[in-house]
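Below: one structure, written as structure tokens.
Just so it is clear, the model here is predicted, and its values are computed rather than measured.
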There are 2 protein chains.
Amino acid sequence: MSRWKPDAAGRLAKAAIELFAEQGYEATTVAEIAERAGLTKRTFFRYYADKREVLFGGAQELENCWLAGMDAAPEDADPMAVVAAGFGPISDLFADRHPFARLRAGIVAENPDLQERELIKLHRLTGVLQHALAKRGVSDHAAALAAQAGVAVFHVAFGRWTRREAPTSLGALMDDSLDELRSVVTATATATT
Amino acid sequence: MSRWKPDAAGRLAKAAIELFAEQGYEATTVAEIAERAGLTKRTFFRYYADKREVLFGGAQELENCWLAGMDAAPEDADPMAVVAAGFGPISDLFADRHPFARLRAGIVAENPDLQERELIKLHRLTGVLQHALAKRGVSDHAAALAAQAGVAVFHVAFGRWTRREAPTSLGALMDDSLDELRSVVTATATATT
DNA sequence: GGCTGCATGACACCAAGTGACATCACTTCA
DNA sequence: TGAAGTGATGTCACTTGGTGTCATGCAGCC
């Protein structure tokens, strides 16, 4: 019918973000999003399983990127170092997406449903990292803890990154957060008993 | 119009569980649930915010119960002991609900949406416990860790409890899980570095 | 009796999501 | 060159979750 247009998924995501930012998540309808993208509601659902998912398309990419980074870590690295080996690639992945991430974070922050979905994504990510560590021969407990810690560090750093107007390096923020975590944990360890 | 019937919420929950068990969660419609309870779809949504919520009505009760148990802990108890002080009351709370819990667990296990919701509930619960600990003067880090650990112990023990056909004591299972956690953590601590 | 408050029913409505089929552009191959 | 195939999209009808609104019946109360 109408001429073919490239990157339908991308156009849908862009339209969605814009509309969510303009009118709020709940107030915008999937049909509106599709219309702004020059497509149809039906087509929207061919690219995204549900309305929320349009904001979480990056999750898979993040996962792959992190895993790839971990694969590149030396065989004998300790678990936390393996996890941290993903920080660099992740930083690169998001390097040019600061404006998008900022907008997105604001939208998610205002809707409980979206926060639910984000929580799930982080949870799944943790599971994936844990599994990857386990396949490297890391013990179950250590893998679980390192994965938890890694995702927590990413989450904190990413939050700080999106809250800044001027885009700093996400990688630096992740390194900082990891340092903080280390000092907190060791401090607790000394103070306990 | 029709004669007044008591415990509408309870009847809805009962009808829902039955139907979910018979036909699956997705395959049963809110209208069906309401009809079996002798009510209307509209009335269902007056008692439960959404279809999933009918399976999570106990969350608030659990939360209150746990907090009450923690309140009863001695002023100078260490954080983990405070959290564990809720185990007794929780065990009592669920004492006569084993069949229900068993059915419910089976249903939740088969539907991703319901698992999402359960994850959120646990997450919220963690936050509440953490806050309660903080109000007692526990440091933020310790509160976060103790809350996480407590909820994890509850989750594991509850899973084991529901998987048993004969209802054992939930309290005993929680105590066991806590012991396991302790040994795992100390073992890791010694084995590390 | 009449008033008030509460739980519910009845009804219309919106938006998310899906299934089935048509259509258009583009490719391939005889 | 043209028929057949393929992939992305449109069209349309439909189900279901969820809500707003108003009517109705039952209770207690003065």
Side-chain angles (χ1 to χ4, degrees), chain A residues 1-57 107-108 110-118 120-121, chain B residues 1-57 107-108 110-118 120-121:
Chain A
M1 181 155 288
S2 52
R3 182 152 211 91
W4 201 86
K5 294 171 186 174
D7 192 24
R11 273 162 40 228
L12 284 166
K14 183 163 173 289
I17 290 261
E18 289 172 4
L19 284 165
F20 293 163
E22 288 168 17
Q23 338 169 343
Y25 173 79
E26 299 225 331
T28 104
T29 210
V30 172
E32 282 179 294
I33 299 170
E35 191 190 3
R36 176 169 299 202
L39 294 167
T40 311
K41 189 178 90 166
R42 193 67 189 81
T43 300
F44 178 95
F45 288 109
R46 279 194 259 257
Y47 284 93
Y48 299 102
D50 58 51
K51 189 181 167 187
R52 296 180 229 171
E53 203 59 21
V54 72
L55 284 172
F56 295 90
I107 296 161
V108 172
E110 279 180 358
N111 188 289
D113 278 13
L114 295 173
Q115 291 166 44
E116 270 203 34
R117 180 59 60 90
E118 188 147 68
I120 304 302
K121 293 286 181 182
Chain B
M1 180 153 286
S2 52
R3 183 150 209 93
W4 166 233
K5 293 170 187 175
D7 193 24
R11 274 163 38 229
L12 284 166
K14 184 165 174 287
I17 290 260
E18 289 173 3
L19 285 164
F20 292 163
E22 288 168 17
Q23 338 169 340
Y25 173 79
E26 298 225 331
T28 103
T29 209
V30 173
E32 281 180 295
I33 299 170
E35 191 188 4
R36 177 170 299 203
L39 293 167
T40 311
K41 188 178 90 168
R42 194 65 190 81
T43 300
F44 178 96
F45 287 109
R46 280 194 260 256
Y47 284 95
Y48 299 102
D50 57 52
K51 187 181 170 189
R52 294 181 230 172
E53 202 58 22
V54 72
L55 283 174
F56 294 90
I107 296 161
V108 172
E110 279 181 0
N111 187 290
D113 279 12
L114 294 173
Q115 291 166 44
E116 272 204 31
R117 180 60 60 90
E118 189 148 68
I120 303 303
K121 294 285 181 181

Starting at the 5' end of DNA chain C and moving along, which residue's nearest nucleotide shows up first, T40(B) or A31(A)?
T40(B)
Rounded off to whole Å, could you give me the CG-to-P distance for the L114(B) and dG17(D) pair?
13 Å
Rounded to whole Å, CG of L19(A) lies from P of dA16(C) at a distance of 12 Å
Please work out if T43(A) contacts a base, only the sugar-phosphate, or nothing of the nucleic acid, heavy-atom cut-off 4.0 Å.
sugar-phosphate
Ignoring backbone atoms, establish whether T29(A) has a side-chain N or O less than 4.0 Å from OP1 or OP2 of dA16(C).
yes
Quick one: does K51(A) reach the base of dG17(C) with a side-chain donor-acceptor pair under 3.5 Å?
no
Round to a whole Å and report the spacing from CG of D113(B) to C1' of dA16(C).
13 Å
Of all the choices, dA8(D), dA16(C), dC12(D), which nucleotide is nearest to the side chain of R42(A) once you look at every atom?
dC12(D)
Applying side chain to side chain contact (heavy atoms under 4.5 Å, CB included) to V54(A) and Y47(A), what does each step give before you reach the verdict?
CA-CA 8 Å; V54(A) 72; Y47(A) 284 93; over 6 Å; no
How many whole angstroms separate atom CD of E26(A) from atom C1' of dA16(C)?
12 Å
Nucleotide dG17(C), atom P - distance to CD1 of I33(A) in whole Å
10 Å
Taken to the nearest whole Å, NZ/K41(A) to P/dT15(D) is 14 Å
Taking the side chain of V30(A) as its heavy atoms from C-beta onward, which of dA16(C), dG18(D), dT8(C) lies nearest to it?
dA16(C)
Given atom CD of E53(A) and atom P of dG17(C), what is their separation to the nearest angstrom?
10 Å
So if I take every side-chain heavy atom of D50(B) and compare against dT11(D), dG18(D), dA16(C), which nucleotide ends up nearest?
dG18(D)
Distance from I120(A) atom CD1 to I120(B) atom CD1, nearest 0.5 Å?
4.5 Å
Could you give all pairs that pass the salt bridge (Lys or Arg N to Asp or Glu O under 4.0 Å) test and reach residues 20-34 of chain B, with sequence neighbours left out?
E22(B)-R36(B)
Is any side-chain N of the basic residue among K121(A) and E53(A) closer than 4.0 Å to the acidic one's carboxylate O?
yes
Are the charged groups of R117(B) and D50(B) less than 4.0 angstrom apart, N to O?
yes
Please compare R52(B) and R46(B) by the position of their nearest nucleotide in DNA chain D and report the one closer to 5'.
R52(B)
Y47(B) side-chain proximity, nearest of dG17(D), dA7(C), dT18(C):
dA7(C)
Report the distance from atom CZ of F44(B) to atom P of dA7(C), rounded to the nearest whole Å.
18 Å
